[in-house]
Structures are given as structure tokens and as C-alpha cells.
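Take a look at the structure set out below.
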Amino acid sequence: MAKWLLKSEPDVFGYDHLVAAKREGWDGVRNYQARNFMREMKRGDRAIFYHSNAKPPGVAGIAKIVKGAEPDPTQFDPDSDYFDPKSDPDDPRWDWVTVAPDRPLTFLSLDELKAMPELAECRLLARGNRLSVLPLTDDEFDAIVAAADAKGGRS
DNA sequence: GCCAACGTTGGC
DNA sequence: GCCAACGTTGGC
């Protein structure tokens with residue numbers, strides 16, 4: 001089971017939105033590297049749900065992949081912000097995966113993540129990183145969950 | 001294939 | 001609102 005990190009802006013779609021929606025297509029990814037990571041995702045994988053462009057940014061919960069990659073329908077919708085006129089319906093350019101909430105985490109801010117030695121190599125914290133979908137090692141994933149649970153007084 | 005211009009991301 | 005980083009586009 002692979003581990004991932006998904007970024008979302010909480011003003012647009014935060015972890016609470018995912019909880020309310022129960023499941024959601026992860027639409028709007030328009031970056032090839034991020035798309036390729038989504039294509040590697042399998043049902044049952046877990047992902048850290050990260051709030052970007054937030055005050056403060058940080059980790060809000062755990063999501064699970066409930067359906068692997070398939071074409072993102074918003075690429076064909078002219079009314080969508082994510083419409084891509086260059087995407088050929090016979091050979092769709094962009095995919096999404098379907099995610100569901102697993103469980104919320106005690107909030108860990110970006111500053112707290114930066115202070116964790118286990119995340120020294122994590123792509124999330126790499127300088128200039130803008131990828132919205134990225135892989136985590138098992139150790140990185142476990143360290144984030146453990147740190148959030150410790151902060152929340154959960155053992 | 002190079003690279004300058006431009007747009008977007010995301011922290012601050 | 002600013003700006004650094006970086007991906008994409010398009011002229012050549």
C-alpha cells in the first residue's frame with residue numbers, strides 16, 4: 001500500500017469538505033508529474049490531506065483512495081475552470097482519482113512539519129516545491145500521523 | 001531544440 | 001500584495 005500527500009486549498013476544498021462529501025473526484029490536477037503519481041495510486045492507498053494557501057498551512061487529516069485513476073471529466077467541460085480544449089476525448093490528457101476521508105488528524109502546521117527530522121528529505125518541504133500530488137515513504141507517512149496523534153494526546 | 005516570456009503556485 | 005520557483009508556451 002503506497003502513501004501519498006494531496007494538497008488542497010481549504011477555502012476551496014478542505015478536509016471538512018471531504019468529510020461532508022464522503023467521497024470526491026480529485027479534479028483539476030493539470031500537471032503531468034502529479035497526474036503520473038495519481039496513475040500509480042491504487043484503491044486502499046492512504047494520503048495525507050494537506051491544506052495549502054492557508055493560515056497556517058498544514059496537515060488536516062488522512063484520506064484514502066477509493067478508486068484509481070480515470071479521466072477527469074472537468075477537462076471536457078467548457079464551463080469548468082479546469083476545461084482543457086487541447087484534451088482529446090479519445091485520448092484524455094488528465095486523470096483524477098476518487099478519495100474518501102479516513103480520519104482527521106490533529107492539525108500540524110508547516111512549521112511543525114519542518115521541525116521533524118523524519119521529513120528532512122520529504123518532497124513537500126523541498127525548496128520551490130509546487131507539486132500538488134506527491135509520494136511519501138511509509139516512514140514519512142507514519143511520522144506525520146504519529147506526530148499529529150502525539151500532539152492530540154492520542155496514543 | 002533553445003530560450004525568453006508568461007502564468008501559476010504557495011509561503012510569507 | 002509580493003516574490004521566488006518552476007512549468008508551459010511559442011517564436012525562431
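In what follows, chains are A, B, ... by sequence order, proteins preceding strands, each numbered from 1.
Across residues 108-120 of chain A, A/L110, A/K114 each have a non-hydrogen atom less than 4.0 Å from an atom of DNA chain B (numbered order). Against DNA chain C, the stretch residues 123-133 of chain A makes heavy-atom approaches under 4.0 Å through A/R127, A/G128, A/R130.
One atom, CG of A/D11, and another, C1' of B/dG10, lie 13 Å apart when rounded to the nearest Å. Note: CG (A/L6) to P (B/dG10) measures 12 Å, nearest angstrom. Rounded to an integer number of Å, the gap from A/Y82 OH to B/dT9 C1' is 13 Å. Atom CD of A/Q33 and atom C1' of C/dC6 are 11 Å apart (whole Å). Atom-to-atom, NE2 of A/H51 to P of B/dT9 comes out at 17 Å; the value is rounded to the nearest Å.
Within the structure, side chain to side chain donor-acceptor pair (under 3.5 Å) contacts touching residues 39-49 of chain A (residues at least two apart or in different chains) are A/W4-A/D45, A/R39-A/D95, A/R46-A/D102. Among residue pairs with one or both ends in residues 106-121 of chain A, those qualifying as salt bridge (charged side-chain N to carboxylate O under 4.0 Å, His left out) are A/E112-A/K151; sequence neighbours excluded.
Side-chain contact, A/R130 with A/S52: no donor N or O sits under 3.5 Å from an acceptor N or O.
Look at A/R103 and A/D149 and you find a salt bridge, because one of the NZ, NE, NH1 or NH2 atoms lies within 4.0 Å of a carboxylate O, short of that distance.
In this pair, A/W94 and A/Y32 present their aromatic rings tilted. The plane angle is within the 30 to 60° band.
Backbone-only contact: A/K86 has heavy atoms under 4.0 Å from sugar-phosphate atoms and none from a base.
The side-chain contact (heavy atoms from CB on, under 4.5 Å) test applied to A/A100 returns A/R23, A/K64, A/V66, not counting sequence neighbours.
In this model, the phosphate group of B/dG11 is approached by a side-chain N or O of A/Y50 to a distance below 4.0 Å at OP1 or OP2. For A/K7, no side-chain nitrogen or oxygen approaches OP1 or OP2 of B/dT9 to under 4.0 Å.
Remark: A/R123 CZ to A/L134 CG distance equals 6.5 Å, nearest 0.5 Å.
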Residues 6-13 of chain A side chain polar contacts: donor-acceptor under 3.5 Å, at least two apart:
from, atom 1, to, atom 2, distance (Å)
A/K7, NZ, A/L131, O, 3.0
A/S8, OG, A/F13, O, 2.5
A/E9, OE2, A/N53, ND2, 3.1

